[in-house]
Asker: 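Please read through the structure below; I'll follow up with questions.
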Amino acid sequence: MAVDHEARAASISHVLVDNVCGAHQATEHLLRHGRRRIGCIAGQLGLRTITDRVTGWRTALEAAGLRAGSGSGGRTGWQARPAAAPLLHGSYGRLEGYRAALALLAHDRLVDALFVTSDEQVAGVLRAAHELGIRIPGDLAVVSLDGTTGSASTLSTMRRLVEQLARTAMVRLTG
């Protein structure tokens, strides 16, 4: 039984978080609070978790009539579509979150919110915003999809409900 990881072999069961739905709900939260230029700092390209979270961010923006960037150009992916909300990919670490936020926020001061795919990245985002004199949540709202114990008090986060995942896995194993 794989928990929060997709099993590659058909013979292995798995229990997954609905990352598309979680990211969509997190982005809708920002939209309900009046945010309209919502960027995304995401993890590595090619990971299913990241693809799903970016899809949720993108579909929430599109449902609100807003455009999402492709991010296909890596750190500078938003420059090809300046009217679109910026999307940057990197690793899950604090340093990468910091670097991505510095690049994004220095380039696009119209961003009024960020959906960040992990709380580890958020720690770097918060540091970058502080260094740039950007107030959170006043100037920039930040929401994440992890809910780890290290989440900052100024951060809205969608918790992955690890205990619920474990219970569901146990029911499947013993059922």
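Quick caveat: nothing in here was measured; it's all calculated off a predicted structure.
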Asker: For a 4.5 angstrom cut-off between non-hydrogen side-chain atoms, does L61 reach F115?
Answerer: no

Asker: Strictly distance-based, threshold 3.5 Å: is any side-chain N or O of H89 a donor or acceptor partner for the main-chain N or O of G43?
Answerer: yes

Asker: Provide the closest heavy-atom pair for R37 versus A84 in the form atom of the first, atom of the second, distance.
Answerer: NH1-O, 2.8 Å

Asker: Looking at residues at least two apart in the chain, or sitting in another chain, which of them share a side chain to side chain contact (heavy atoms under 4.5 Å, CB included) with L132?
Answerer: L102, L105, R109, I134

Asker: Could you pull out the closest heavy-atom pair between G97 and I41, with the gap in Å?
Answerer: O-CD1, 4.4 Å

Asker: Assess whether side chain to side chain contact (heavy atoms under 4.5 Å, CB included) is satisfied between T117 and W57, documenting all intermediate values.
Answerer: CA-CA 10 Å; T117 60; W57 165 77; over 6 Å; no

Asker: Assess the side chains of Q25 and H29: does a donor N or O sit below 3.5 Å from an acceptor N or O?
Answerer: no

Asker: Per the side chain to side chain contact (heavy atoms under 4.5 Å, CB included) rule, which among V143, L114, L31 passes with I38?
Answerer: L31

Asker: L30 and A141: which non-hydrogen atoms are nearest, and at how many Å?
Answerer: CD2-CB, 3.7 Å

Asker: What are the two closest heavy atoms between R36 and D112, and how far apart are they?
Answerer: N-OD2, 3.1 Å

Asker: Test of understanding: with salt bridge (Lys or Arg N to Asp or Glu O under 4.0 Å), list the residues that count as partners of R135, not counting sequence neighbours.
Answerer: D139

Asker: Using every non-hydrogen atom in the two residues, find where A113 and L140 come nearest and quote the distance to one decimal.
Answerer: N-CD1, 3.5 Å

Asker: Please check this pair: side chain of Q121 against backbone of S118, looking for a donor-acceptor N/O pair closer than 3.5 Å.
Answerer: yes

Asker: Would you name the heavy atoms of R53 and N19 that are closest together and state the gap between them?
Answerer: NE-OD1, 2.8 Å

Asker: Quick one: list whatever passes side chain to side chain contact (heavy atoms under 4.5 Å, CB included) with T55, sequence neighbours left out.
Answerer: V20, T51, T59

Asker: Return the CZ to NE2 distance between R58 and H24, rounded to the nearest 0.5 Å.
Answerer: 13.5 Å

Asker: Quick one: pull up CD in E120 and OH in Y92 and give me the separation to the nearest 0.5 Å.
Answerer: 11.0 Å

